[in-house]
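Throughout, a chain's letter reflects where its sequence line sits, starting with A, and its residues are numbered from 1.
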Amino acid sequence: MAESKLSGTVLLPKTSFAMRGQMARQEPLRLEAWARRDVYAKLRAARKNAPAFYLHDGPPYANGNIHIGHALNKILKDIVVRYKFSRGFDAPYLPGWDCHGLPIELKALEGRPGGDKLSIRKACRAYAEKYLSIQREEFKRLGILGEFENPYVTMNPAYQAGILEGLANLVERGFIARAEKPVLWCARCRTALADAEVEYEEDETPAITVKFPVDGESKTFLLIWTTTPWTLPANLAVAVNPEARYVRAKVGGETWIVAESRAGVSGVPAGAEAETLKGSDLTSLTYRHPFAARTGRVFPAGFVTLDAGTGLVHIAPGHGDEDFQLGRKVGLPTFCPVDAAGKLTADAGEFAGRSVFDANPAIIDKLESSGSLVKHEKMTHSYPHCWRCKKPVIFRATPQWFLKVDHEDLRKKMLAAISRIRWVPAAGEKRIAGMVESRPDWCISRQRAWGVPIPAVHCESCGKAHLRPDVIRNLAGRCSADPAGADVWFSDSPSAFLPAGWTCPDCGGAKFRREEDILDVWFDSGMSHVAALEKRYGVWPADLYLEGSDQHRGWFQLSLLVAIALKGHAPFRQVLTHGFVMDGEGRKMSKSIGNVVTPQEIVQQHGADVLRLWAASCDYSGDVRLGPAILAETVDTYRRIRNTIRFLLGVLFDFEPRMAIPAPDLDPIDRYLLGRLVVLTRECLAGYDDYDFSAVSRRLRNFCAEDLSGFYLDVLKDRLYCDAADSKRRRSSQTVLWTACEQILQLITPILPFTADEAMESWNRPDLATAEIRPPQVAPDEELEQVFGHLLRVRKDVNLKIEECRKSGQIGGSLDARVSIRTAGDEGSALRMFESSLPEILIVSSVELSNSAGDRDIRVGRVSGEKCERCWKYVPARIAAPPGLICARCAGVLDSAPGQA
RNA sequence: CGGCGUGUGGCUGAACGGUAAAAGCGCCGUCCUGAUAAGGCGGUGGGGAAGUUUCCCGCGUGCGUUCGACUCGCACCGCGCCGACCA
């Protein structure tokens with residue numbers, strides 16, 4: 001057993017860094033250690049006077065467990081934050097949560113339909129708190145670094161105060177106005193409904209075609225069609241498609257105007273004499289309302305289609321969204337003669353007092369008797385119903401608070417600001433600009449319970465609503481002081497917030513009712529740059545916003561809107577967006593398909609670092625994919641990187657910086673690798689700076705696989721294992737390996753913080769965790785790179801020949817090989833320069849080099865001689881050095897250090 | 001239906017308008033057993049003649065611009081995000 005004794009003289013890698021990390025189990029322990037050491041605070045302290053980089057967090061909604069999209073988003077953010085720290089920035093990360101809003105209110109309401117506003121709000125708060133805690137733990141488990149113990153929370157009184165202060169400033173500047181807008185309304189529940197609160201069911205309704213007499217032309221009528229006769233009392237106009245073809249058809253002594261393609265179904269007999277014209281030809285006409293004493297006009301509207309009805313659309317701005325939009329565009333009032341109970345009001349004339357659905361037959365009768373009714377049919381179609389009481393809902397205009405997008409040129413200023421922001425990817429600019437251009441005024445009020453109140457007061461005598469900055473600020477002040485926060489608006493009387501003795505400036509009234517509406521949740525989160533970032537850090541604007549691409553319409557836009565209105569500047573300098581997570585085939589993840597991948601299961605199975613590596617590997621500029629195959633690949637990549645680190649740590653077990661060889665004295669192959677390392681670092685830093693993390697992770701993986709495992713480390717094994725421990729050759733390599741290990745650990749830290757930390761711990765290098773990354777300071781050596789270019793090409797071809805030899809059974813391992821190379825030119829001189837190192841570089845036992853007149857020629861055969869029992873190379877003659885027969889080099893090593901091991 | 005994106009081998013993904021399938025992974029074969037639940041080396045798109053040397057087709061589909069198109073333009077299809085779904 002001579003060999004086993006000789007094995008003891010070989011310097012094999014030694015490390016406590018395990019080959020398999022068991023990350024799912026190890027990471028939680030590491031998290032505890034981070035919490036104990038408070039690494040986030042340490043990092044911040046280490047960068048106390050450094051330039052800062054503020055990534056401002058977009059608050060997730062505190063509802064449900066986190067999904068893979070949350071994980072992608074937070075991991076990308078954490079990579080940025082950790083990278084910025086490693087480049088010497090102070091990069092605070094203040095996570096936030098969005099807590100108000102309908103989904104939570106609906107959840108909290110489940111199983112407890114009753115309750116007053118304050119008790120509903122209490123239940124909502126408890127619900128949001130619960131999920132905030134759950135999500136916080138889930139985010140922390142991913143290794144996200146930040147102020148998780150003191151996040152910004154939109155339902156916290158201090159934040160609510162921030163929202164209100166912002167609102168007060170907007171009111172003061174004249175951005176907030178009250179106007180009517182149609183909303184989905186349940187007459188039974190007497191409340192506005194959100195889109196999420198309606199369900200569509202098949203319903204039977206009347207469908208009538210009605211004649212509107214044209215002004216100034218006798219016996220000429222516009223034919224309109226509707227399924228909601230009760231909206232006719234609110235009719236103020238008719239819309240036509242300006243591009244469509246219409247006809248004036250002669251029908252029994254009358255002229256009916258209708259879309260050409262709809263004439264038949266609208267009651268025009270086939271073959272009727274007809275004159276065709278364009279929709280735009282109709283837009284100057286006026287008509288008399290069929291039963292109300294007023295006239296209306298015909299307007300062009302792109303939304304008019306010809307797949308139903310007559311091609312002429314009855315417009316009631318108080319009862320339909322498109323009607324409302326058109327009405328606003330052309331200056332029609334928002335006429336809504338329907339009250340909260342769904343009853344027609346006095347403005348509806350003879351139909352006053354009837355509920356809208358009862359009014360239908362009465363109105364049809366009236367039209368019938370006045371000869372205005374052309375057709376009366378029944379129709380079934382899907383119609384919205386209240387999800388609660390299951391009754392059909394109506395569209396009804398009610399007063400709402402708006403933020404005026406064109407006040408003080410806000411829209412123009414937004415567009416100007418958009419062009420000055422760095423959008424990553426660049427397409428984001430076009431996307432958000434298009435949305436801003438076409439966005440309507442922002443309706444900021446919601447008729448719900450769970451949110452920040454809009455502290456307006458209504459005069460009891462004249463009904464006028466007053467939204468006053470001083471009242472808002474009073475409430476803000478109360479919020480800051482009272483743990484109940486904005487609840488005080490609902491628990492206290494409105495006069496408590498008014499100046500003493502204040503009376504209604506319109507009518508002198510002294511009694512006031514409080515506004516019950518709350519703010520849209522987008523107002524909450526859109527204010528975060530002041531209510532969180534600026535309040536907490538005194539910093540404004542943020543350097544970076546980083547969210548999913550859906551936020552172009554959401555958070556990015558509304559934050560921008562609020563910021564430009566308040567401050568005239570964008571709240572961010574750069575905006576980065578990522579796509580959505582699809583399954584392995586690029587399909588949307590859905591429960592019904594069963595292709596949902598959760599971050600929880602990946603973390604549990606493979607650890608957070610694998611999930612982070614996946615996030616870092618994908619090209620997030622579009623949608624990204626995640627499925628079993630992709631996950632398996634990520635796991636393999638992780639292992640490759642991990643094992644390379646493990647080997648580096650292993651071969652550095654007996655090295656310390658004091659043993660380092662000065663740069664000029666390094667062995668050429670070590671200098672070569674150092675050069676590669678410089679390139680690696682530069683490219684990785686450039687990748688990080690461009691937010692191209694997939695380039696970074698690919699570059700790191702390739703470096704580990706190709707430069708290190710495939711070449712450098714493989715070549716080095718002989719000298720690291722078999723040379724004398726403190727030989728210059730060995731120390732030279734270790735000098736560079738040391739640097740390589742440092743660099744790699746620092747470069748992977750943003751992506752694989754758990755693994756990097758584990759390695760630093762095993763290496764006893766806690767200093768690396770807070771150190772800045774710097775490329776090794778070495779001058780590029782082009783000559784050396786060229787020479788190694790030649791060597792690597794030759795090596796490739798030698799390997800091909802070796803493989804042939806192996807296939808034919810002549811040799812097994814490459815050390816069984818003897819290589820002869822005939823070559824010339826630059827390659828020849830490069831090889832000659834390294835002649836004595838060629839066996840090592842090629843990992844063979846002997847190399848003969850000769851000049852070639854023509855093409856390069858490589859031959860490989862079985863080496864003769866005897867195998868050294870220590871280093872396994874073949875030599876002409878072995879030396880007897882108990883316990884075995886070894887080569888001269890090995891004998892020398894054992895002589896100088898007999899106890900080596 | 002509209003706006004904005006996106007589409008390259010089994011997977012992740014490269015490619016100034018100029019030789020496509022870079023590189024990696026996976027897979028297959030093989031060596032090693034001193035990185036060992038590791039590591040090295042080699043091979044690996046489809047179809048057709050054919051056989052170790054050539055030829056044809058292949059960057060979602062189809063047109064177009066060009067001497068030349070993965071790259072530019074148009075249309076269509078698939079997928080995704082955001083909206084509009086109505087009188």
Side-chain angles (χ1 to χ4, degrees), chain A residues 3-4 6-8 10-13 15 19-20 207 224-228 231 235 238-239 301-305 307-310 312-316 319-323 381-382 395 425 427-428 430-435 438-439 548-554 577 579-582 584-588 614 617-619 621-625 627-634 636-637 639-640 643-644 646-651 694-695 697-699 701-702 704-706 709-711 713-714 717-718 720-722 796 798-800 802-804 806-807 811-816 843 870-872:
Chain A
E3 283 234 8
S4 70
L6 281 169
S7 287
V10 173
L11 300 164
L12 296 179
T15 174
M19 185 157 78
R20 301 179 74 225
I224 66 95
W225 178 83
T226 182
T227 56
T228 49
T231 60
N235 172 277
V238 166
F303 61 80
V304 176
T305 57
D307 44 286
T310 61
L312 290 95
V313 175
H314 132 69
I315 296 296
H319 294 294
D321 205 38
E322 289 179 323
D323 304 45
H381 58 159
S382 74
F395 246 102
K430 206 173 160 187
R431 187 162 179 189
I432 194 170
M435 290 170 176
S438 61
R439 75 150 302 134
S549 60
D550 57 335
Q551 297 305 328
H552 284 109
R553 178 162 296 277
T577 53
F580 281 69
V581 184
M582 302 295 132
E585 279 73 52
R587 292 169 309 180
K588 195 195 316 214
W614 164 78
S617 312
C618 55
D619 173 10
S621 66
D623 289 335
V624 300
R625 295 184 178 191
I630 294 165
L631 189 60
E633 184 177 333
T634 310
D636 280 328
T637 302
R639 288 213 195 103
R640 175 61 119 174
N643 268 315
T644 305
R646 177 168 185 263
F647 187 77
L648 292 176
L649 294 176
V651 296
S694 75
S697 52
R698 217 171 315 130
R699 193 67 184 78
R701 178 187 6 86
N702 287 357
C704 288
E706 295 193 290
S709 276
F711 176 61
L713 299 182
D714 207 29
K717 281 176 191 167
D718 177 66
L720 291 171
Y721 295 174
C722 300
K796 181 87 184 159
V798 168
N799 277 334
L800 282 167
I802 287 176
E803 185 61 22
E804 278 176 30
R806 182 146 47 215
K807 283 251 159 73
I811 59 168
S814 63
L815 285 176
D816 297 347
I843 318 182
R870 181 163 178 275
C871 72
W872 300 340

>> How many whole angstroms separate atom CD1 of A:Ile432 from atom C1' of B:G3?
In response: 14 Å
> Just checking A:Glu804: base, sugar-phosphate only, or nothing, at a heavy-atom cut-off of under 4.0 Å?
Replying inline: nothing
> What integer number of Å spans the C1' atoms of B:C70 and B:A20?
Replying inline: 8 Å
> Once you round it to whole Å, what is the distance between C1' of B:G5 and CE of A:Met435?
Replying inline: 11 Å
> Tell me: CE of A:Met582 to P of B:G80, nearest whole Å?
Replying inline: 7 Å
>> Base, sugar-phosphate or nothing for A:Gly650? Non-hydrogen atoms, less than 4.0 Å.
In response: nothing
>> Between P on B:U33 and CG on A:Leu815, what's the gap in Å once rounded to a whole number?
In response: 10 Å
> On a whole-Å scale, what distance lies between the C1' atoms belonging to B:A50 and B:G64?
Replying inline: 37 Å
> So which nucleotide does B:G2 pair with, by the Watson-Crick or G-U wobble rule with both distances under 3.5 Å?
Replying inline: B:C82
> Taking CG from A:Asp623 and C1' from B:G5, how many angstroms apart are they, rounded to a whole number?
Replying inline: 8 Å
> Looking at residues at least two apart in the chain, or sitting in another chain, which of them share a side chain to side chain contact (heavy atoms under 4.5 Å, CB included) with A:Glu585?
Replying inline: A:Asp583, A:Arg587
> Applying a 3.5 Å limit to both distances, which nucleotide forms a Watson-Crick or G-U wobble pair with B:C28?
Replying inline: B:G42
> When syn is taken as a glycosidic angle within 90 degrees of 0, is B:G78 syn or anti?
Replying inline: anti
> Can you give one letter per nucleotide of nucleotides 35-44 of chain B, 5' to 3': B if a protein heavy atom sits under 4.0 Å from the base, S if only from the sugar-phosphate, - if neither?
Replying inline: BSBSSBBSS-
> For A:Asp718, what residues pass the side chain to side chain contact (heavy atoms under 4.5 Å, CB included) criterion, not counting sequence neighbours?
Replying inline: A:Cys722, A:Arg729, A:Cys871, A:Lys873, A:Arg889
>> Can you check the distance between B:C79 and B:U65, where both ends of the measurement are the P atom (answer in whole Å)?
In response: 31 Å
>> Can you check the distance between B:C28 and B:C82, where both ends of the measurement are the C1' atom (answer in whole Å)?
In response: 46 Å
> When you compare B:C57 with B:G5, how far apart are their P atoms, in angstrom units rounded to a whole number?
Replying inline: 33 Å
>> Applying a 4.0 Å non-hydrogen cut-off, can you work out what A:Gly813 is touching in the nucleic acid: base, sugar-phosphate, or nothing?
In response: sugar-phosphate
> Does some side-chain heavy atom of A:Leu713 sit less than 4.5 Å from a side-chain heavy atom of A:Leu720?
Replying inline: no
>> On RNA chain B, does the nearest nucleotide to A:Lys430 precede the nearest nucleotide to A:Asp550 from the 5' side, or the other way round? Give the residue.
In response: A:Lys430
Please list, pair by pair, any protein nitrogen or oxygen found under 3.5 Å from a nitrogen or oxygen in nucleotides 9-14 of chain B.
from: B:C11; atom 1: O2'; to: A:Glu633; atom 2: OE1; distance (Å): 3.1
from: B:C11; atom 1: O2; to: A:Glu633; atom 2: OE1; distance (Å): 2.9
from: B:G13; atom 1: OP1; to: A:Asp619; atom 2: N; distance (Å): 2.7

>> Going by side chain to side chain donor-acceptor pair (under 3.5 Å), name the residues that satisfy it together with A:Arg431, two or more places apart in sequence or in a different chain.
In response: none
>> Any strand counts, and the cut-off is 3.5 Å on both contacts for Watson-Crick or G-U wobble. Which nucleotide pairs with B:C16?
In response: none
> If you round to the nearest 0.5 Å, how far is CD of A:Glu633 from OG of A:Ser617?
Replying inline: 8.0 Å
> Does some side-chain heavy atom of A:Thr15 sit less than 4.5 Å from a side-chain heavy atom of A:Arg646?
Replying inline: yes
> When rounded to the nearest Å, what value does the distance between C1' atoms of B:A15 and B:C31 take?
Replying inline: 35 Å
> How far does CG of A:Leu815 sit from CD1 of A:Ile843, to the nearest 0.5 angstrom?
Replying inline: 7.5 Å
> Taking CZ from A:Arg553 and P from B:G83, how many angstroms apart are they, rounded to a whole number?
Replying inline: 5 Å
>> Taking any heavy-atom pair under 4.0 Å as a contact, classify A:Gly434: base, sugar-phosphate, or nothing.
In response: nothing
> Expressed as a whole number of Å, how far does the P atom of B:U71 sit from that of B:G62?
Replying inline: 13 Å
> Are any of the side-chain heavy atoms of A:Arg640 and A:Ser709 separated by less than 4.5 Å?
Replying inline: yes
> Between A:Glu803 and A:Arg806, is a salt bridge (Lys or Arg N to Asp or Glu O under 4.0 Å) present by the stated rule, with each step listed?
Replying inline: CA-CA 5 Å; A:Glu803 185 61 22; A:Arg806 182 146 47 215; 3.0 Å; yes
>> Between A:Arg698 and A:Ser694, do the side chains contain a donor N or O and an acceptor N or O under 3.5 Å apart?
In response: yes
> Which value, in whole Å, describes the distance between the P atoms of nucleotides B:G10 and B:U6?
Replying inline: 23 Å
> To the nearest Å, how far apart are A:Trp872 CH2 and B:C31 C1'?
Replying inline: 13 Å
> Rounded to whole angstrom units, what separation is found between the CZ atom of A:Arg431 and the P atom of B:C81?
Replying inline: 10 Å
> Partners of A:Thr634 by side chain to side chain contact (heavy atoms under 4.5 Å, CB included), sequence neighbours excluded?
Replying inline: A:Val610, A:Leu613, A:Trp614, A:Ile630
